[in-house]
Amino acid sequence: METITSGPYMKFTREQWAALRDSEPMTLTYEELLTLQGIDDKLSIDEVEDIYLPLSRLLSYYVNARTSRRSVLMKFLNQPGQKIPFIIGIAGSVSVGKSTTARVLQALLSRWKENTRVSLVTTDGFLYPNAVLEEKGIMLKKGFPESYDIRRLLKFVMDIKSGERNLKVPQYSHLIYNVIPDAYATIDQPDILILEGLNVLQSGMAHSNGKPRIFVSDYVDFSIYVDADEQLLEEWYISRFMKLREGAFTNPKSYFRNFAELSVQEALKTSKTIWREINRKNLRENIFPTRERASLILHKGEEHAIDYVQLRK
């Protein structure tokens, strides 16, 4: 099998990547796939078999290699083994389907063998509460690097890589568009942690004290960037917005309840404005520049189907 190997990545067509599945078994049913896909992210059995099963196989090699290296280190130090989760980071633009990728991988990896524990954490919970964003005057820059409590996120990944137990992760609600007060999930030494969010690969954290800079990605063992052409991302964002307008936005508790009252033309105009003035700007300035930091790039074409894969050498 010949691949394009110029630059730091090997590039695989969908067919070439699918051939690397080998004998990796399919452990998800069609009904389960329906519960994993996003509101506008179609997920097929073929997509899982061609893309995610080979990726699951690759990740099993990475996890086993990391476990072996740690065992060797502990043997050298004459110390008992310590359980340290393998962290997978998933980054990419708004509307590209990061959450679907994260959920599919969580489902597949948790079925490698009995009692494999795979936790999923999104960085949304580490956004500053809306009151803080409003006080800072950056409510319209939600999702930009400055809207996250980066130090709190860094402490979480540092603690989990230190073997700490029962870590509290703040929870976020897309319905109220805010961090939920006093709501936490507990992460207790999973075998694998999937960390999903816009900022997983970003390095833009300013320090005023002159200390060396550290990034979330410094603690990530394998990173995935879900990619697509900008035009498709805009189309997918608008499509999702229009579906939410008829669904979640109609909930009286929804932060975006007023959008449900817009006419079709007003809603289209509003969604295009939000995309171009906020999400596209964030993509160009902060998200897309991190793509080349990823271990693996999943590139999507029409209908959210992955058309090629790039793997760092």
Side-chain angles (χ1 to χ4, degrees), residues 33-44 47 90-104 122-124 127-130 133-134 137-148 172-179 196-199 202 225-291 297-307:
L33 292 185
L34 292 179
T35 67
L36 298 174
Q37 66 186 8
I39 189 171
D40 199 42
D41 190 359
K42 302 177 180 64
L43 182 65
S44 66
E47 189 81 352
I90 301 179
S93 171
V94 169
S95 78
V96 77
K98 299 183 300 301
S99 297
T100 296
T101 293
R103 288 191 294 266
V104 171
T122 70
T123 62
D124 290 343
L127 284 160
Y128 287 115
N130 288 354
L133 296 177
E134 289 170 355
I138 55 172
M139 190 65 185
L140 292 180
K141 300 196 78 173
K142 197 168 189 177
F144 284 64
E146 57 266 41
S147 66
Y148 290 91
Y172 185 86
S173 168
H174 288 279
L175 179 66
I176 64 172
Y177 194 57
N178 202 356
V179 178
E196 178 257 308
L198 301 173
N199 58 339
Q202 288 174 12
Y225 186 95
V226 187
D227 192 23
D229 295 344
E230 196 176 279
Q231 180 180 348
L232 286 176
L233 291 171
E234 180 176 358
E235 292 174 4
W236 295 340
Y237 176 79
I238 293 171
S239 175
R240 186 176 70 177
F241 183 97
M242 298 302 287
K243 289 179 180 178
L244 289 170
R245 167 182 165 271
E246 297 179 351
F249 291 171
T250 62
N251 189 317
K253 296 182 180 180
S254 174
Y255 180 87
F256 299 106
R257 180 68 181 84
N258 60 314
F259 288 157
E261 305 298 329
L262 298 176
S263 68
V264 171
Q265 291 304 315
E266 289 172 332
L268 284 171
K269 182 179 179 180
T270 299
S271 61
K272 289 179 181 179
T273 299
I274 294 173
W275 170 260
R276 293 174 182 175
E277 295 184 2
I278 299 176
N279 294 317
R280 185 174 68 180
K281 184 177 181 181
N282 195 19
L283 171 64
R284 291 178 176 179
E285 293 181 2
N286 304 304
I287 303 170
F288 181 75
T290 71
R291 183 181 65 171
I297 300 170
L298 298 175
H299 185 273
K300 289 186 173 184
E302 299 287 345
E303 301 296 326
H304 277 273
I306 294 168
D307 50 12

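Numbers for residues simply follow the sequence, beginning at 1.
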S.K.: Check side chain to side chain contact (heavy atoms under 4.5 Å, CB included) between Asn279 and all other residues, then give those that pass, not counting sequence neighbours.
M.R.: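 Testing Asn279 for side chain to side chain contact (heavy atoms under 4.5 Å, CB included), a comparison that skips the adjacent residues, returns Val94, Tyr237, Ile274, Trp275.
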S.K.: Return the minimal non-hydrogen interatomic distance between Val96 and Lys300, and the atom names on each side.
M.R.: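 For Val96 and Lys300, the tightest heavy-atom pair comes out as O-NZ, 2.8 Å.
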S.K.: Determine, for Glu234 against Lys272, whether the closest basic-nitrogen to carboxylate-oxygen distance falls under 4.0 angstrom.
M.R.: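 Between Lys272 and Glu234 there is no salt bridge, as every charged N stays at least 4.0 Å from the carboxylate O atoms.
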S.K.: Closest heavy-atom contact between Asp124 and His174?
M.R.: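 Heavy-atom minimum between the residues: OD2-NE2, 3.1 Å.
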S.K.: Any chance you could lay out the side chain to side chain contact (heavy atoms under 4.5 Å, CB included) test for Tyr255 and Asn178, step after step, and finish with the verdict?
M.R.: CA-CA 9 Å; Tyr255 180 87; Asn178 202 356; over 6 Å; no
S.K.: Tell me, yes or no, whether the heavy-atom count around Lys243 atom NZ, taken from other residues, nucleotides or ligands under 6.0 Å, exceeds 12.
M.R.: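 Yes - once you tally the heavy atoms of other residues, nucleotides and ligands closer than 6.0 Å, there are more than 12.
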S.K.: Hey, is NZ on Lys142 packed in by over 12 heavy atoms from elsewhere, all under 6.0 Å?
M.R.: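 Above 12, so yes.
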S.K.: Heavy atoms, side chains only, cut-off 4.5 Å: are Leu133 and Asn130 in contact?
M.R.: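 Answer yes - side chains close enough.
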S.K.: At what distance, to the nearest 0.5 angstrom, does CG of Asp227 lie from CD of Glu230?
M.R.: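 Reported value, rounded in 0.5 Å steps: 11.0 Å.
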S.K.: Considering all heavy atoms of both residues, which atom of Leu198 and which atom of Gly92 are nearest to each other, and what is their separation?
M.R.: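 Heavy-atom minimum between the residues: CD2-O, 3.3 Å.
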S.K.: Can you list the residues that meet the side chain to side chain contact (heavy atoms under 4.5 Å, CB included) rule with Leu232, with sequence neighbours excluded?
M.R.: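 Counting only residues at least two positions away or on another chain, Leu232 forms a side chain to side chain contact (heavy atoms under 4.5 Å, CB included) with Glu235, Trp236, Glu302.
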S.K.: Could you check Thr270, Val264, Thr250 and say which one makes a side chain to side chain contact (heavy atoms under 4.5 Å, CB included) with Arg245?
M.R.: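 When Thr270, Val264, Thr250 are each tested with Arg245, the side chain to side chain contact (heavy atoms under 4.5 Å, CB included) holds only for Val264.
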S.K.: Partners of Ala102 by side chain to side chain contact (heavy atoms under 4.5 Å, CB included), sequence neighbours excluded?
M.R.: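 Here the qualifying residues are Ile90, Leu120, Ile194, Glu196.
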S.K.: How about Ser263 and Glu266: does a side-chain donor come under 3.5 Å of a side-chain acceptor?
M.R.: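 Ser263 vs Glu266: donor-acceptor pair found between side chains.
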S.K.: Say you draw a straight line from OH of Tyr225 to NZ of Lys98; how long is it, rounded to the nearest 0.5 Å?
M.R.: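 Taking OH in Tyr225 and NZ in Lys98, the distance rounds to 9.0 Å.
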S.K.: Kindly indicate whether the side chain of Tyr172, heavy atoms from C-beta on, has any atom under 4.5 Å from the side chain of Tyr177.
M.R.: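 Contact flag for Tyr172/Tyr177 side chains = yes.
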S.K.: How many angstroms lie between atom OG1 of Thr101 and atom CD1 of Ile306, to the nearest 0.5 angstrom?
M.R.: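 One gets 5.5 Å once the value is rounded to the nearest 0.5 Å.
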